[in-house]
Amino acid sequence: MSTVAVAHEFHAEQPRGIWRWITTTNHKDIGTLYLCFSLLMFFVGGAFAMLIRAELWTPGMQLMDPEFFNEMTAFHGLVMIFGAIMPAFVGLANWMIPMMIGAPDMALPRMNNWSFWILPFAFILLLSTLFMPGGAAGAGWTMYPPLFLQTGMALPFQIFAIHLMGISSVMGGINIIATVLNLRAPGMSLMKMPMFVWAWLITAYLLIAVMPVLAGAVTMMLMDKYFGTSFFNAAGGGDPVLYQHVFWFFGHPEVYIMILPAFGIISEIIPTFARKPLFGYTSMVFAIASIAFLSFIVWAHHMFTVGMPLAADLFFMFTTMLIAVPTGVKVFNWTATMWRGALTFETPMLFAIAFVFLFTIGGFSGVMMALVPADWQYHQTYFIVAHFHYVLVTGAAFAIMGAVYYWLPKWTGHMYNETLAKWHFWLSAISANVLYFPMHFLGLAGMPRRIPDYPLQFTDLNQVVSVGAFVFGAAQLLFVACIILCVRGGKKAEARAWEGARGLEWTLPSPAPYHSFGEPPAPNLIWTHPYQDG
Amino acid sequence: MFLKNSKHVLRAALAVTLAALSGSAWAVDLNMPVGVTPISHDVYHLHMYAFWMCVGIGVVVFSLMIFAMIFHRKAAGHQAAHFHENTLLEVVWTIIPFIILIALAIPAAKVLVKMTNTSDPDLTIKIEGYQWKWQYDYLQQGFSYFSMLAADSDAARMLDSKISPFSVPHYLRDVDHPMVVPTGKKIRLLITANDVIHSWYVPDFAFKVDAIPGFVNQGWIKIDEPGTYRGGCTELCGRGHGFMPIVVVAESPADYQKWLAAMKASNGVYINPQTLQPENTGSPVEYAPAQLNFNTPSVAPVSAAGAAPAAPAATAATPAASPAAAAPKPAAAAQAWTMASAMARGKQVFDNNCASCHMPDGKGNSAMGVPAIAGGPVPNGPLHEHIELVLHGKGIMPAWGNILSDSDLAAVITFERNAFGNHGGGLVSPADIAKAKTAH
């Protein structure tokens, strides 16, 4: 371990101020950068959502041109997915994976720095298109041609921004795989890894597999626009639906990229506050692996109305329904973990329980939409909007918030303000349901998504939704307050900040030292079973 | 019926909960419509079947969790157990969901097979999506027409229109020319698009099929009862995506036949299916060349207008070329081609087709990169360039040459060159348009 010690001394002479953050190769610094960036983007994407809900407050156009509305729906999606959710998970991986597997740092620290610092430039490029003549691309986050090809000079900027985000994600994924496979402490076999590490290992493979596919799809679009090809132009022998196939071959695994790490987080939090080992560790690992595998053969369930042959409809319907089996196993395992535990309800646990309830509701609507005939009614209405916000906001985002509260004491050395955090939780959980639940009814009543104005019979429900949205948006200011207060001070956190917490990260002092495990942890600290009482 | 009763109970419960939240009366139905086609009934029952299965599973899982949260609290003095696996239990809760899924998949597959069976239709209608309107082409009858947002909704939906949407009947749900179909017949719908992807959705038919440029999709409907059914485009198609509703009027076969006869005899004017009176709004009905009338061995040309409907559409709708055929056309076209009549008709055409991008005041839309007509270089520049641009389009500007009739093209170009303070000047005649088309 002498090399590590040498590295330690070298890093002790690191630059101060802004240069520390620009040149850092430390996994904790980079994790912090990712998390702060994603919080900023969460508010940018949230501001777009507030504009959308304000325009939809009442029928008629009051605030903006319909084209600007389309830009808002597209950018809300792009910023939340690529700017908020994904970087937050990568930030959590950076902070926690080395500490959880007993490593000093990530395996590829310089690439780690680069993969973060690409992101701010990618998003400056993306957001700058909003100010370009002709406006940004108002073709949804899915960017379907031929509509997307009608975009003016913003088009190449958006495509290059997406290329950059893809490069960043692939590098992040490579780094996580290299770290997990090479830097585990002696004694930590794969089947002893914490669930969060398992979930991220599988997610990283998904990232590497599909981000290049998205890059290919948007590059073909760039060729169609500027170099006279006809990949997606029927008049030139191409096919607009080809884009959808390629996009969703990326897009469906992408959905799981945004939920598998959340599964890992929930599998960390629930055992801690149930004071009981995770139920069915092995089946949890296999469930994540099967979900990842299935994600590659279900993509066309996003396209049941494009006119596929009957056999294709049947295939994608059946494979999609299969996803419910491993997902169900996970929900049952979390329930069994809580069963006969000694439960306490600190904020991370509240977010985790809300996750299990509300993600399951999103799962139910997912199974319903797998049924092709019924999907002809649900597709492209507010029903699907309700579905994916249940899995991504009350699913992924709630898991991220739970993770932040769970590990804040480890990061800062202080306990957060529990009262304020509970206010944040209850306001978020209630307003999210006021916001998203009525969307099911709007969709069933036939309100299409992505419309800037609507017929009169949808007015009442839209106002309920908008009220929920404004409260949810405001509640997130409490989240920022909790984080800032916790960084600045608060009750001193112990090394094991939570009574029931297991795992190597809790053997380090709080706040965790700048370099995690200069010496590998003693083998007796690694549980014979990750969550078994020692 | 268990399903039916529980449906009402559930709906009442939901309505009460939601009404309590906002304190207002609910005009909107909270569930999927049962609809008026055999498929929509099947889809509704499938939806409720899946819904109740989800409710059942949810009740079991959530009850267990809530039970644990109440009775297995540390605060209640509960000691944590230490179990962390049970192979039998894990096998059971893998197999049970699998069986439930099979029970869902079988009825779903049955309905899917039924809804994709478009064989042996009684009637075929081609639907083509445009930015931002629909074209209904009655292939066997040899006529087609455009259907776009009704003028009152269109005026009210403009930013700062000062017109309350609440004062407009059927705000955003009405069109100038509804699609008309007979009840009790199997109707095959062929669906495609001209520019970008659209999607033709009518909830009461449980019908939603994407309209994709260059490809023709199909589906079928068979409507049980006469009525007016409304829907809209459900695939994001640009700025006017929210403003291209669908209205389908279903009539008894006898009434439908009367409407068909009136349409064939109308020489370009849309016939209101309810009153059977001509409607002088929107774009004209166009007649297909006879050779497109497949399936029906002999579609007799409409006698009243002589050979006009059988001739190419462009000629038929050109007053200058065949003044006699144009007699029942909108007032502007029926009269001699004068500046006044061309300007009046031109304004109508502009409002219906151009104003959604170029704005009713002709100032354009900088957010979309749409240039202004008012004071713009094209309407104030050489006439032939103006005609070329309108005929063949450029960028997001559609090629209007095959969409509007020659007389409407002449009228709208005349209008653009003389309205909004423009000084391009001149009266463009339909013959000029025909000449430009052949010259190209």
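Quantities reported herein were computed from a predicted structural model and do not represent experimental measurements.
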> Where does A:V306 contact chain B at under 4.5 Å (heavy atoms): side chain, backbone, both or neither?
Replying inline: both

>> Strictly by side chain to side chain donor-acceptor pair (under 3.5 Å), give each pair with a member in residues 308-323 of chain A just once, sequence neighbours left out.
In response: A:H301-A:T320

> Contact part of A:F357 toward chain B, heavy-atom cut-off under 4.5 Å: side chain, backbone, both or neither?
Replying inline: both

>> Quick check on the interface: out of A:N70, A:N233, A:V241, A:T381, who has the most heavy-atom pairs with chain B under 4.5 Å?
In response: A:N70

> Using non-hydrogen atoms only, which part of A:M338 is less than 4.5 Å away from chain B: side chain, backbone, both, or neither?
Replying inline: both

> Between A:L63 and chain B, which part of the residue has a heavy atom less than 4.5 Å away: side chain, backbone, both or neither?
Replying inline: backbone

>> For B:F62, which atoms come within 4.5 Å of any heavy atom of chain A: side chain, backbone, both, or neither?
In response: both

>> Show the nearest heavy-atom pair for residues B:M32 and A:A374, with the distance to one decimal.
In response: CE-O, 4.4 Å

> Is there a side-chain contact between B:V34 and B:H41, using heavy atoms and a 4.5 Å cut-off?
Replying inline: yes

> Do A:M143 and A:T151 have side chains that get closer than 4.5 Å, going by heavy atoms?
Replying inline: no

>> Using every non-hydrogen atom in the two residues, find where A:P277 and A:T337 come nearest and quote the distance to one decimal.
In response: O-CG2, 3.6 Å

> Can you say whether B:M244 sits under 4.5 Å from chain A via the side chain, the backbone, both, or neither, judging by heavy atoms?
Replying inline: neither

> What part of A:M303 lies closer than 4.5 angstrom to a heavy atom of chain B: side chain, backbone, both or neither?
Replying inline: neither

> Is chain B contacted by the side chain of A:T58, its backbone, both, or neither, given a heavy-atom distance below 4.5 Å?
Replying inline: side chain

> Do you know which of B:V196, B:D160, B:I163 has the most heavy-atom pairs with chain A at a distance under 4.5 angstrom?
Replying inline: B:V196

> Non-hydrogen atoms of chain B under 4.5 Å away: do they reach the side chain of A:P145, the backbone, both or neither?
Replying inline: backbone

>> Counting heavy-atom pairs closer than 4.5 Å to chain A, which one of B:C233, B:A50, B:P213 comes out on top?
In response: B:P213

> Would you call the rings of B:Y44 and B:H47 parallel, tilted or perpendicular if under 30° counts as parallel and over 60° as perpendicular?
Replying inline: tilted

> Can you say whether A:Q244 sits under 4.5 Å from chain B via the side chain, the backbone, both, or neither, judging by heavy atoms?
Replying inline: side chain

>> Would you say A:R449 and A:T73 are linked by a side-chain donor-acceptor pair, where the criterion is simply a distance under 3.5 Å?
In response: no

> Measuring heavy-atom distances to chain A, does B:T234 have an atom under 4.5 Å in its side chain, in its backbone, in both, or in neither?
Replying inline: both

> Would a 4.5 Å heavy-atom cut-off, applied to side chains only, mark A:W376 and A:T305 as touching?
Replying inline: yes

>> Using heavy-atom distances under 4.5 Å, tell me whether B:M158 contacts chain A through its side chain, its backbone, both, or neither.
In response: backbone

> Contact part of B:Y201 toward chain A, heavy-atom cut-off under 4.5 Å: side chain, backbone, both or neither?
Replying inline: side chain

> Which atoms of A:P452 come close to chain B, meaning under 4.5 Å heavy atom to heavy atom: side chain ones, backbone ones, both, or neither?
Replying inline: side chain

>> Quick check: closest heavy atoms across A:A370 and A:F304, and the distance to 0.1 Å?
In response: O-CE1, 3.7 Å

>> At a 4.5 Å cut-off on heavy atoms, which part of B:R73 comes close to chain A: side chain, backbone, both, or neither?
In response: both

> With only heavy atoms counted, which part of B:I102 is less than 4.5 Å from chain A, the side chain, the backbone, both or neither?
Replying inline: neither

>> Taking side chain as everything from C-beta outward and backbone as N, CA, C, O, which of these in A:F332 sits under 4.5 Å from a heavy atom of chain B? Side chain, backbone, both or neither.
In response: both

> Is the closest side-chain heavy-atom distance between A:Q377 and A:F383 below 4.5 Å?
Replying inline: no

> Which region of A:Q62, side chain (C-beta onward) or backbone (N, CA, C, O), has a non-hydrogen atom less than 4.5 Å from a non-hydrogen atom of chain B, or is it both or neither?
Replying inline: backbone

>> So for A:V331, is it side chain, backbone, both, or neither that comes closer than 4.5 Å to the heavy atoms of chain B?
In response: side chain

